[in-house]
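Note on naming: letters A, B, ... go to the chains in the order of the sequence lines (proteins, then strands), and numbering restarts at 1 for each one.
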2 protein chains.
Amino acid sequence: MARAGLTADRVVEAAADLADEVGFENVTLSALARRFGVKDASLYSHVKNLQDLRTRVALLAAGEMIDGIATAVAGRAGKDALVAFAGAYRTYALAHPGRYAATHTPVDPAVGAASDAFRRTAEITYGMLHAYGLSEPDLTDAVRLLRSTFHGFCALEAIGGFHAARDVQTSWERALDGLHTALEQWPRSERKEEDHA
Amino acid sequence: MARAGLTADRVVEAAADLADEVGFENVTLSALARRFGVKDASLYSHVKNLQDLRTRVALLAAGEMIDGIATAVAGRAGKDALVAFAGAYRTYALAHPGRYAATHTPVDPAVGAASDAFRRTAEITYGMLHAYGLSEPDLTDAVRLLRSTFHGFCALEAIGGFHAARDVQTSWERALDGLHTALEQWPRSERKEEDHA
DNA sequence: GGCCCCAACCTAGGACCCCTAGGTAATCGC
DNA sequence: GCGATTACCTAGGGGTCCTAGGTTGGGGCC
């Protein structure tokens, strides 16, 4: 009989698509096998187990996301860069809810550290904040604030957490305004460079 | 044989405890039944199904959380109130990770609207922001910013998303500083009162 | 105290899922 | 064309959710 032509990459890609359709926590090896017209046991040649599949999807998504952010931010600085970064971030999260959810699954710190996507994400984020004249440890504090707000907003929006009549896009822009003024007036501390991530 | 003396409230409470121990997405009717020394089918007399159990845990947690926040905020205003609110929020999220996760599960808007906890949460949050002299639609935008940052920070912290050596508590305080200045300098818009939630 | 009745708890079983062990057959390298 | 690799299979065990229907404990009422 004809084979489905599976490979680890194709399986992970299909899992990511499935996640976007039914939610990351609802992607199942059985459903994935069904989609390929294959028995679920067959997938174990390409993927160690469900946990392995999940981290692979997370790494795929993290890479795609930072790609989009990087091109959006390229050549910009200051508030321009902030708005471009945030826009690309939220656009990806809304367009690919399952993939986005994958990126916020508890991940083994070892694989995270080894991931190129995570390294590039840290690089670009810290780079963007240099325009505000921040240095460690303020830099890390500011990065944590941005990550928190971006993630929190997209997570809440994804689960339908904003009920008010107010337009969500406008609230997003106002939040960015607020973050921008917070960054501009960030109280500088005395300390020197530290590790970042 | 002696009965376990189950009731819907006891089942939900135990599910919340279990969630705090093993994670909200890992609470299972089988494990819950095992904890009571009972067959899983027996739980269906008290709870409609797993989804029903989850929303009940979410409502329980939302109530507990807003209780803690309300007492923390009582009698405070301005930045004092902001810090107290945020502190109680994060304290609850860290002490009860499973319950906290429950509160950010997609919830039926109907049951959400009917929930007293959600109503009180909105009330207290909007009330806190009146000290900053905001009115609609800025109020809703500001509430969304606060919710996003609080939730994002706690969610990231819960999954171990902050790897840098920098003390997390300090980053939290700096984030609150940033939000405070953002609120103080919030650009007022021309529009009038609108619906809030 | 004895009886009734409700509800707490049970058994049985179907559907779906994860995962392992070991087999067959298609395809690639030579 | 042939051997080795590997894509895919069958078989099966264990866990979970949930339904349908039976049994038994215990509180209320006479």
Side-chain angles (χ1 to χ4, degrees), chain A residues 1-60 97-99 101-102 105-108 111, chain B residues 1-60 97-99 101-102 105-108 111:
Chain A
M1 68 208 66
R3 302 202 168 186
L6 296 192
T7 164
D9 286 344
R10 287 195 58 200
V11 168
V12 171
E13 190 106 13
D17 292 344
L18 184 58
D20 285 336
E21 293 166 25
V22 304
F24 182 62
E25 67 285 358
N26 296 123
V27 352
T28 189
L29 283 169
S30 315
L32 201 54
R34 226 173 287 133
R35 170 161 300 202
F36 279 116
V38 146
K39 300 297 175 183
D40 57 341
S42 306
L43 295 179
Y44 287 85
S45 320
H46 309 284
V47 148
K48 202 152 111 289
N49 51 33
L50 184 61
Q51 178 55 45
D52 179 42
L53 176 68
R54 293 199 151 125
T55 57
R56 282 169 189 254
V57 171
L59 292 180
L60 168 70
R99 289 183 217 262
T105 228
V107 69
D108 184 1
V111 45
Chain B
M1 70 206 68
R3 302 205 167 182
L6 297 192
T7 165
D9 286 344
R10 288 195 59 199
V11 167
V12 172
E13 190 105 13
D17 292 344
L18 184 59
D20 285 335
E21 293 166 27
V22 304
F24 182 62
E25 67 284 359
N26 295 122
V27 352
T28 187
L29 283 169
S30 316
L32 202 54
R34 228 173 287 131
R35 172 160 299 203
F36 279 116
V38 145
K39 300 297 174 185
D40 57 341
S42 305
L43 296 179
Y44 287 85
S45 319
H46 309 284
V47 149
K48 203 152 112 288
N49 52 32
L50 185 60
Q51 178 57 43
D52 179 41
L53 177 67
R54 292 199 152 127
T55 59
R56 281 169 190 254
V57 171
L59 292 180
L60 168 69
R99 289 178 215 251
T105 228
V107 68
D108 183 3
V111 45

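Contacts of residues 8-26 of chain A with DNA chain C (heavy atom under 4.0 Å): none.
In terms of heavy-atom proximity, B/A58 sits nearest to B/A102 at CB-O, 3.3 Å.
Atom CG in B/L43 sits about 17 Å away from atom P in C/dA7, given to the nearest Å.
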For nucleotides 4-7 of chain D, give me every protein contact, N/O to N/O, under 3.5 Å, one pair per line with atom names.
{"residue": "D/dA7", "atom": "O4'", "partner": "A/R3", "partner atom": "NH1", "Å": "2.6"}
{"residue": "D/dA7", "atom": "N3", "partner": "A/R3", "partner atom": "NH1", "Å": "3.3"}
{"residue": "D/dA7", "atom": "N3", "partner": "A/R3", "partner atom": "NH2", "Å": "3.1"}

Atom pairs under 3.5 Å, N or O on each side, protein against nucleotides 16-20 of chain C: can you list them with distances?
{"residue": "C/dC17", "atom": "OP1", "partner": "A/R34", "partner atom": "NH2", "Å": "3.4"}
{"residue": "C/dC17", "atom": "OP2", "partner": "A/R34", "partner atom": "NH2", "Å": "2.4"}
{"residue": "C/dC17", "atom": "O5'", "partner": "A/S30", "partner atom": "OG", "Å": "3.4"}
{"residue": "C/dC17", "atom": "O3'", "partner": "A/T28", "partner atom": "OG1", "Å": "2.6"}
{"residue": "C/dC18", "atom": "OP1", "partner": "A/T28", "partner atom": "OG1", "Å": "3.0"}
{"residue": "C/dC18", "atom": "OP1", "partner": "A/L29", "partner atom": "N", "Å": "3.2"}
{"residue": "C/dC18", "atom": "OP2", "partner": "A/T28", "partner atom": "OG1", "Å": "2.9"}
{"residue": "C/dC18", "atom": "OP2", "partner": "A/L29", "partner atom": "N", "Å": "3.0"}
{"residue": "C/dC18", "atom": "OP2", "partner": "A/S30", "partner atom": "N", "Å": "3.0"}
{"residue": "C/dC18", "atom": "OP2", "partner": "A/S30", "partner atom": "OG", "Å": "3.0"}
{"residue": "C/dC19", "atom": "OP2", "partner": "A/Y44", "partner atom": "OH", "Å": "3.1"}
{"residue": "C/dC19", "atom": "OP2", "partner": "A/L50", "partner atom": "N", "Å": "2.8"}
{"residue": "C/dC19", "atom": "O5'", "partner": "A/Y44", "partner atom": "OH", "Å": "3.4"}

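Here the straight-line distance linking atom CG of B/L60 with atom OG1 of B/T55 works out to 11.5 Å at 0.5 Å rounding.
Residues meeting the side-chain hydrogen bond (donor to acceptor under 3.5 Å, both in side chains) test with A/R56, sequence neighbours left out: A/D52.
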Please list, one pair per line, the donor and acceptor atoms closer than 3.5 Å that link side chains of residues 36-47 of chain A to other protein atoms, with sequence neighbours excluded.
{"residue": "A/S42", "atom": "OG", "partner": "A/K39", "partner atom": "O", "Å": "3.2"}
{"residue": "A/S45", "atom": "OG", "partner": "A/S42", "partner atom": "O", "Å": "3.2"}

Using atom types as modelled, flag every donor-acceptor pair under 3.5 Å from a side chain in residues 16-32 of chain B to any protein atom, sequence neighbours excluded.
{"residue": "B/D17", "atom": "OD1", "partner": "B/R99", "partner atom": "NH2", "Å": "2.4"}
{"residue": "B/D20", "atom": "OD1", "partner": "B/G98", "partner atom": "N", "Å": "2.9"}
{"residue": "B/D20", "atom": "OD1", "partner": "B/R99", "partner atom": "N", "Å": "2.9"}
{"residue": "B/D20", "atom": "OD2", "partner": "B/H96", "partner atom": "ND1", "Å": "3.1"}
{"residue": "B/D20", "atom": "OD2", "partner": "B/R99", "partner atom": "NE", "Å": "2.8"}
{"residue": "B/E21", "atom": "OE1", "partner": "B/R35", "partner atom": "NH2", "Å": "2.9"}
{"residue": "B/E21", "atom": "OE2", "partner": "B/R35", "partner atom": "NH1", "Å": "3.4"}

